[in-house]
Undergrad: 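Sharing a structure, written as structure tokens. Questions coming.
Worth saying up front: this structure is predicted, and the values here are computed from it rather than measured.
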Amino acid sequence: MGLSRQYLRYVPAALFGLLGSAGGNAAMVALGGERGRGVAVAACEHVFVWDLRKGEKVLILKGLKQEARYLCPSPDGLHLAVGYEDGSIRIFSLLNGEANVTFNGHKAAVTAMQYDQLGGRLVSGSKDTDVIVWDVINESGLYRLKGHKDAVTQVLFLKEKNLLVTSGKDTLVKWWDLDTQHCFKTLVGHRTEVWGMALISEEKRLITGTADSELRVWDISYIQEEVKDPDEPESKKSKGSSPVAEKDTEEDETLELDESPEERLLKCSKVGSIMREGRDRVVTLATDRTGKILACHGTDSVLEVFSILSQEEVQKKLEKKMKKAKKKAKKKSEEEEPEGDVELSLQEEIQRVTNIKASAKIKSFDMILSPKGELKVVLLLQNNIIESYLLNLSAQVPQAVRASKISIGGHRSDVRTLAFSSDNIAILSASAESVKIWNRSTLQCIRTMDCEYALCSFFVPGDRQVIVGTKTGKLQLYDLASGSLMETINAHDGAVWSIALSPDQRGFVTGGADKCVKFWEFELVKDESSVQKRLSMKQVRILQLDEDVLCVRYSPNQKLLAVSLLDCTVKIFYTDTLKFFLSLYGHKLPVLCMDISYDGTLIATGSADRNVKIWGLDFGDCHRSLFAHDDSVMYLQFVAKSHLFFTAGKDGKIKQWDADKFEHIQTLEGHHQEVWCLALSPNGDYVVSASHDKSLRLWERTREPLVLEEEREMQREAEYEESVAKEDQPVVAGETQGETGLAGKKTIETIKAAERIMEAIELYREEMVKLKEHKAICKAAGKEVKG
């Protein structure tokens with residue numbers, strides 16, 4: 001048996017084109033000792049820290065495979081806790097970017113996290129409905145709190161007391177006593193999911209945001225405090241905590257589920273609500289660290305900012321109101337009226353400051369209030385932009401001013417086409433609004449040009465111009481030196497789905513939704529205004545077909561042209577006469593992509609039916625059909641000077657195949673959503689791919705050989721490890737599921753550790769038996785000697 005064919009491994013080289021994933025949140029961090037200068041955002045599996053002033057990426061906290069979902073900076077500002085899609089939590093040092101601690105406890109994505117005041121404990125909530133409290137210093141889980149029936153949306157520690165408040169999509173707000181680890185109170189006053197929650201007024205009030213435009217305000221009165229201080233002056237208590245309200249609460253017990261009324265630690269009663277301007281659900285509701293400012297936003301582009309009056313300010317306002325009331329009473333009649341009915345309304349205590357209108361839908365925000373009274377707000381937007389605003393609260397009419405915007409390093413929408421320059425150095429990416437040119441080695445964006453909705457593109461020979469085909473049927477020619485649009489030609493009546501450069505490099509061919517294949521040639525034209533000639537293109541021939549054209553490709557010798565049609569076939573024509581040569585029939589759904597090998601012997605077609613078929617170009621015979629992806633195959637390209645090819649699928653995977661042996665060589669996993677397109681560098685050393693997760697990824701060919709048998713073995717091991725971790729915990733007879741549980745969960749590491757402990761115990765037992773035998777022999781020998 002001969003040596004199996006060796007392949008070279010491709011490895012991930014970089015992730016770029018992404019500023020911040022919309023699935024995560026933004027968190028302000030200190031940079032160089034300056035608070036609020038940096039912002040940490042989730043970027044697929046990594047976390048990027050951006051310098052807001054310079055607009056530069058200063059730190060990458062590298063993740064493993066799972067997407068980062070929630071970020072929470074520690075109170076000292078030195079660490080950042082990151083919760084991932086698979087439920088794991090890693091704590092990174094913001095000084096060197098290393099992950100020191102990993103917590104495994106949740107079975108699904110982490111949705112909320114918070115540190116306690118000292119930063120010693122961390123609480124996390126998840127989609128698996130559990131809340132877990134972790135000991136950060138000891139690097140261990142303390143306990144798991146069970147009670148929510150749906151995903152947890154917010155978790156908050158109380159500063160003064162050892163209590164925890166959690167809210168969930170199950171419409172419940174739960175209060176937990178962490179000393180006894182049980183839920184002592186459940187607020188059931190909400191009709192819809194509780195999406196956000198914040199504690200204000202020195203933790204005497206709770207604000208909840210739901211699916212409507214009301215922010216509900218609840219008064220919290222601690223029972224022990226009331227016993228200690230019965231003579232609290234009336235004025236100190238705001239409207240909600242007046243004795244009348246307390247009586248109402250007791251009558252209104254139907255709203256609350258109390259496990260044991262005798263042991264209650266606090267009372268929680270609804271005071272009223274503040275109306276938001278947004279009509280949809282609350283997405284994020286939060287206060288700044290000082291608790292003076294409250295802000296929230298819905299699914300639109302407006303952030304609503306409110307100011308919360310402190311106890312002293314409330315007192316002053318009340319006194320003013322009292323004076324006014326007395327004056328009015330004196331005017332009306334000389335008789336003195338009772339003063340008890342003077343109260344501040346909720347709207348006066350929580351005042352609307354202003355609205356901040358962002359340039360697109362807001363996904364997350366964070367804010368910081370400087371001692372001078374200036375509010376700095378950072379917004380992570382849905383379209384891959386980070387904006388920061390300054391708001392001067394001391395001004396008469398506070399107006400938000402945009403301080404910075406980070407947008408150059410990425411597209412606003414999904415990248416639908418990629419291309420490599422002939423020298424392997426420049427990468428073109430184009431989306432619905434812009435064409436960007438990137439330097440492959442530095443990953444810097446060197447040109448951004450506005451375009452229409454791009455679908456296909458290529459570098460014109462010489463790499464000085466690029467041509468983009470659009471959804472409206474136009475061809476747009478750009479000059480890279482000036483970054484300007486040189487010419488727009490209406491090429492097709494429908495979308496230009498595909499474009500292919502001719503091998504002689506004198507022209508190209510386009511295929512569109514208007515059932516035409518058009519042949520173009522480059523030409524130099526002279527404008528009236530300029531002396532120099534410039535590049536243009538002219539249509540030479542047209543091939544009319546019966547169906548929409550989805551993809552076109554030339555054979556390397558330019559004798560044949562392959563055209564894939566909406567009727568699921570690929571038709572092959574002679575280029576010179578446009579006579580029909582072959583029809584490749586076999587796919588169940590349309591062929592979305594195809595490529596012809598460098599020697600013109602093979603054509604590989606990828607279809608929406610998830611299969612890739614490899615055909616001979618001599619007779620149109622199908623060599624093999626491969627089940628390639630779990631969803632449509634979106635892009636296919638051969639590696640230069642070989643019969644290896646790459647496919648990209650809507651299942652988020654990129655796979656490499658051998659067209660001679662019909663083998664699957666390797667899978668490049670990294671993208672978290674559909675991969676729309678990829679491009680191979682002309683020398684075959686690099687692959688660049690674009691996905692619906694807004695990221696562009698660069699993969700690099702190494703010199704490391706890849707042995708298929710070993711690769712399969714590693715794959716099987718990984719699958720086994722994954723299945724082991726998914727197994728449920730053993731059920732013990734007669735044991736009921738309690739409110740609390742152990743924080744950890746079964747992973748392959750815990751199983752291996754348990755096996756090592758068992759081995760150590762076995763070894764210990766064996767050694768002890770030997771030691772006993774040895775002692776017995778010594779004893780026997782000793783007796784004999786003495787005797």
Undergrad: Of the non-hydrogen atoms in F103 and V136, which two are nearest, and what is the gap between them?
TA: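 Closest pair (atom of F103, atom of V136, distance): CZ-CA, 4.2 Å.
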Undergrad: Given D130, which of H106, K107, R144 fulfils the side chain to side chain donor-acceptor pair (under 3.5 Å) condition?
TA: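 The passing option is R144.
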Undergrad: Hey, does I654 have a side-chain heavy atom less than 4.5 Å from the side chain of W699?
TA: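 Yes, at least one pair of side-chain atoms sits under 4.5 Å.
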Undergrad: Could you walk me through whether Q181 and L145 satisfy the side-chain contact (heavy atoms from CB on, under 4.5 Å) test, starting with their C-alpha distance in whole Å, then the side-chain angles of each, then the deciding distance to 0.1 Å, before giving a yes or no?
TA: CA-CA 7 Å; Q181 294 158 33; L145 303 170; 4.3 Å; yes
Undergrad: For E713, which residues count as a side-chain hydrogen bond (donor to acceptor under 3.5 Å, both in side chains) partner, sequence neighbours excluded?
TA: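 With neighbours one apart ignored, the set is R716.
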Undergrad: Verify salt bridge (Lys or Arg N to Asp or Glu O under 4.0 Å) between R765 and E762, making sure each step is shown before the conclusion.
TA: CA-CA 5 Å; R765 281 180 182 161; E762 279 298 310; 3.7 Å; yes
Undergrad: Evaluate the criterion side-chain contact (heavy atoms from CB on, under 4.5 Å) for residue pair S388 and V39; output intermediate values, then yes/no.
TA: CA-CA 10 Å; S388 73; V39 60; over 6 Å; no
Undergrad: Step through the shown structure and confirm whether more than 12 heavy atoms of other residues, nucleotides or ligands are within 6.0 Å of CZ on R712.
TA: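 Yes - once you tally the heavy atoms of other residues, nucleotides and ligands closer than 6.0 Å, there are more than 12.
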Undergrad: Main chain of L678, side chain of S689: is a donor-acceptor contact present, judged purely on distance under 3.5 Å?
TA: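 The answer is no, because no donor-acceptor pair under 3.5 Å joins these two groups.
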Undergrad: Kindly check if the number of other-residue, nucleotide or ligand heavy atoms within 6.0 Å of NZ (K361) is above 12?
TA: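 Open.
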Undergrad: Let me confirm one number: the CZ-OG1 distance from R281 to T192, rounded to the nearest 0.5 Å.
TA: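 Between R281 CZ and T192 OG1, I get 10.5 Å after rounding to 0.5 Å.
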Undergrad: So, do D177 and L163 sit near enough that their side-chain heavy atoms are less than 4.5 Å apart?
TA: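 They are in side-chain contact.
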Undergrad: Between the side chain of Q666 and the main-chain N/O of Y10, is any donor-acceptor distance below 3.5 Å?
TA: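 Answer holds: yes.
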Undergrad: Look at the side chain of H664 and the backbone N and O of W657, then say whether any donor-acceptor pair between them is shorter than 3.5 Å.
TA: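 It does not hold such a pair.
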Undergrad: Ignoring hydrogens and geometry, is there a side-chain-to-backbone donor-acceptor pair from N138 to S140 under 3.5 Å?
TA: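 Answer holds: no.
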Undergrad: So do the side chains of L187 and T208 get within less than 4.5 Å of each other, counting heavy atoms only?
TA: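 When only atoms from C-beta onward are counted, T208 and L187 do not touch, as no gap falls below 4.5 Å.
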Undergrad: Which of these, D170, D128, T129, sits in a side chain to side chain donor-acceptor pair (under 3.5 Å) with H148?
TA: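 Answer after filtering D170, D128, T129: D170.
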Undergrad: Go through it in stages, so that I can follow the logic: the residues are M28 and K376, the test is side-chain contact (heavy atoms from CB on, under 4.5 Å), and I'd like the CA-CA distance, side-chain angles, deciding distance and then a yes or no.
TA: CA-CA 10 Å; M28 280 188 164; K376 187 171 189 181; 3.8 Å; yes
Undergrad: Looking at every non-hydrogen atom in both residues, tell me the closest pair between G36 and I368 and how far apart they are.
TA: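 Nearest pair, atom of G36 first, then I368: N-CD1, 3.9 Å.
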Undergrad: Within the distance-only criterion (no hydrogens, no angle test), does the side chain of D651 pair as donor or acceptor with the backbone N or O of D630 below 3.5 angstrom?
TA: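 Checked: pair present.
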Undergrad: If you look at every heavy atom in L285 and C296, which pair is closest and at what distance?
TA: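 Scanning both residues completely, I find the closest heavy atoms to be CD1-CB, 3.6 Å.
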Undergrad: So, does T667 use its side chain to make a donor-acceptor pair with the main chain of E669 at under 3.5 Å?
TA: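 Here the side-chain-to-backbone pair does not exist.
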Undergrad: Whether the side chain of D86 engages the backbone of Q66 through a donor-acceptor N/O pair (distance < 3.5 Å, no angle test) should be reported.
TA: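 Side chain of D86 to backbone of Q66, a donor-acceptor pair under 3.5 Å: no, none is there.
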Undergrad: Under 3.5 Å, side-chain donor or acceptor atoms of residues 108-115 against the rest of the protein: list the pairs with distances, not counting sequence neighbours.
TA:
unit_1	atom_1	unit_2	atom_2	d
T111	OG1	G125	O	3.2
T111	OG1	V152	O	2.5
Q114	OE1	F157	N	2.7

Undergrad: Side chains of T171 and V188: does their closest heavy-atom pair fall under 4.5 Å?
TA: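 In short, these two side chains do not touch, never coming nearer than 4.5 Å.
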Undergrad: Restricting to non-hydrogen atoms, name the atom on L19 and the atom on W50 that form the minimum distance, rounded to 0.1 Å.
TA: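 Looks like O-NE1, 3.0 Å.
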Undergrad: How long is the span from the NE2 atom in H672 to the NZ atom in K694, to the nearest 0.5 Å?
TA: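 So the NE2 of H672 and the NZ of K694 are separated by 14.0 Å.
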Undergrad: Heavy atoms, side chains only, cut-off 4.5 Å: are T287 and I207 in contact?
TA: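 No; the side chains remain at least 4.5 Å from each other.
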Undergrad: Quick one, T284 with H297, criterion side chain to side chain donor-acceptor pair (under 3.5 Å). Give me CA distance, side-chain angles, the key distance, then yes/no.
TA: CA-CA 6 Å; T284 324; H297 69 88; 2.8 Å; yes
Undergrad: Give a yes or no answer on whether the side chain of R205 reaches the backbone of I200 with a donor-acceptor pair at less than 3.5 Å.
TA: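 Judged by distance alone, no pair lies under 3.5 Å.
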Undergrad: Rounded to the nearest 0.5 Å, how far apart are CG of L369 and CG of D288?
TA: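 Rounded to the nearest 0.5 Å, the CG-CG separation comes out at 5.0 Å.
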Undergrad: Hey, what do you get for CZ (R9) to CD (E704), rounding to the nearest 0.5 Å?
TA: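 Taking CZ in R9 and CD in E704, the distance rounds to 4.5 Å.
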Undergrad: Hey, is CZ on F627 packed in by over 12 heavy atoms from elsewhere, all under 6.0 Å?
TA: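 Counting neighbours around CZ of F627, more than 12 heavy atoms of other residues, nucleotides or ligands fall under 6.0 Å, so yes.
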Undergrad: Within a 6.0 Å radius of atom CD on E160, are there more than 12 heavy atoms belonging to other residues, nucleotides or ligands?
TA: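 Not more than 12 within 6.0 Å, no.
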Undergrad: My understanding is that only one of K65, K62, R697 makes a salt bridge (charged side-chain N to carboxylate O under 4.0 Å, His left out) with E45; could you say which?
TA: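 Only match with E45 under salt bridge (charged side-chain N to carboxylate O under 4.0 Å, His left out): R697.
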Undergrad: With rounding to the nearest 0.5 Å, note down the distance linking CG in L418 to CG in L696.
TA: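 Rounded to the nearest 0.5 Å, the CG-CG separation comes to 6.0 Å.
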Undergrad: Just wondering, do I89 and I132 contact through their side chains at under 4.5 Å, heavy atoms?
TA: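 Result no, sub-4.5 Å side-chain heavy-atom pair not found.
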Undergrad: Go through it in stages, so that I can follow the logic: the residues are E203 and I220, the test is side-chain contact (heavy atoms from CB on, under 4.5 Å), and I'd like the CA-CA distance, side-chain angles, deciding distance and then a yes or no.
TA: CA-CA 8 Å; E203 300 183 346; I220 305 162; 5.8 Å; no
Undergrad: Would you say the side chain of W438 lies within less than 4.5 Å of the side chain of V688, judging by non-hydrogen atoms?
TA: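 A side-chain contact is absent here, since even the closest heavy-atom pair is not under 4.5 Å.
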Undergrad: To the nearest 0.5 Å, how far apart are CG in N383 and CG in D414?
TA: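 Result: 11.5 Å between the selected atoms.
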Undergrad: Counting distance only, does the side-chain N/O of K149 pair as donor-acceptor with the main-chain N or O of G147 below 3.5 Å?
TA: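 Side chain of K149 to backbone of G147, a donor-acceptor pair under 3.5 Å: yes, one is there.
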Undergrad: Are L265 and K161 packed together at the side-chain level, in the sense that at least one heavy-atom pair is separated by less than 4.5 angstrom?
TA: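 Side chain of L265 against side chain of K161, heavy atoms only: no contact under 4.5 Å found.
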Undergrad: For the backbone of I385 and the side chain of S407, can you confirm whether one donor and one acceptor N or O come within less than 3.5 Å of each other?
TA: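 Side chain of S407 to backbone of I385: no pair is present.
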Undergrad: What are the two closest non-hydrogen atoms of R216 and T210, and how far apart are they?
TA: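 Of all heavy-atom pairs spanning R216 and T210, the closest is NH1-OG1, 3.0 Å.
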Undergrad: Could you tell me which non-hydrogen atom of L380 sits nearest to which non-hydrogen atom of I386, and how far apart they are?
TA: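 Looking at all heavy atoms of both residues, the shortest contact is CD1-CG1, 4.1 Å.
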